[in-house]
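Beneath this line is the structure, given in structure tokens, with notes to follow.
Keep in mind the model is a prediction, meaning the values are calculated, not measured. The chain is numbered in sequence order, starting from 1. Just so you know, ligand 1 is whichever comes first in the structure, and atom 1 is the first atom listed for that ligand.
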Amino acid sequence: MASCARILHPTARSLPNCLIPLCRSFSLTFPSAVAKPLPYLLRQHQKVINLDSKKLDFRAKASMAGVSTKKSRGKVQVFDSEEELAVSLAKYVADLSDKVGKERNAFTVVISGGSLSIWHVFWVDERVVPKNNPESNYFLAYNDFLSKIPIPSGHVYAINDALSAEGAADDYETCIKHLVKSGTIGLSEASGFPKFDLMLLGMGPDGHVASLFPGHPLAQESEKWVTFIEDSPKPPPERITFTFPVINSSAHLALVVAGSGKADVVHTVLGDGKKHDTLPVQLVLPEGGLTWFLDKGAASKI
Ligand SMILES: O=C(O)[C@H](O)[C@@H](O)[C@H](O)[C@H](O)COP(=O)(O)O
């Protein structure tokens, strides 16, 4: 196993939006029901928040605004509350885990800045800082999510924090190549890049995704699987990141965006917002399905 598969146990910055719903949903249920499959846990979670499935269906329908969008922009779901977004996102992940797990006996999940033994967790980007540094994406995900679920430690692929940004990116790419070779991660026939089962991506208010920022040449990388940045406009400056060819080879991709601070970019991408230079988020065009999970604030201008 390559060195990127090591896991440490760190001893909190706030969670990225894409993880908050998952942590909320899963952490309520995993500690007490570790061996149960996700759909069971989700039913339990619905009980915890006092919603039976009929009410849940009704609430989901009542609160989800239909948003018409250009076909290529994917499916858009808007939720009145974070709780509803959380339940829906957790169900989306659980259903995929169930389906893909039956087909491949592995489920490769990529997260940005529950569980069954089939889960393999990766980071779409990571800050090059020690794993016990609160700036580390691993640190956040471990403390609030991964430490609370029964996932084998060898299935959590953190970066090697002893290396430089360039070294850590190369090491992560090598690790992914091993996992493609062993069949844990699929390979896209169309692109020749690794095909992860699910990517959960956040988006910054400037339209960045992963560590691919507007106007930065990394957004054009077409050969590498994993690359590095030493001048990230969002601190900390040194990071590694998946490239667009890898992001766009994924089988399923969810963009989880919350907060009115991101409403202008959401308007640009999904509505008829003003045109300007192409934003990184507009380059997210996965082979598989793209689903947007928006709260009311983020969807307020579309
Ligand atoms: O390490 C990071 O900073 C990220 O991976 C970055 O791309 C993040 O996902 C967005 O900035 C949205 O973050 P929030 O959802 O927390 O606003």
* Asked: Which part of Asn137 is near ligand 1, with near meaning a heavy atom under 4.0 Å away: side chain, backbone, both or neither?
  -> side chain
* Asked: So is there a nitrogen or oxygen of Ser211 less than 3.5 Å from a nitrogen or oxygen in ligand 1?
  -> no
* Asked: For ligand 1, is there an N or O atom under 3.5 Å from any N or O atom of Ala210?
  -> yes
* Structure fact -> Residues at least two apart in sequence or cross-chain that pass salt bridge (charged side-chain N to carboxylate O under 4.0 Å, His left out) with Glu223, listed by chain then number, are none
* Asked: Which class fits the ring pair Tyr172 and Phe122: parallel under 30°, tilted 30 to 60°, perpendicular over 60°?
  -> perpendicular
* To do: Evaluate the ring planes of Phe193 and Trp225, with Trp represented by its six-membered ring, and classify them as parallel (under 30°), tilted (30 to 60°) or perpendicular (over 60°).
  => tilted
* Heavy-atom distance under 4.5 Å between the side chains of Val128 and Ile240, does that happen here? -> yes
For ligand 1, which atoms sit closer than 4.0 Å to a heavy atom of [X]?
X: Met203; result: 10 (C), 12 (C)
X: Arg239; result: 1 (O), 2 (C), 3 (O)
X: Arg127; result: 1 (O), 2 (C), 3 (O)

* Would you please name every residue forming a side-chain contact (heavy atoms from CB on, under 4.5 Å) with Lys195, sequence neighbours left out? => Ser188, Ala251, Glu287
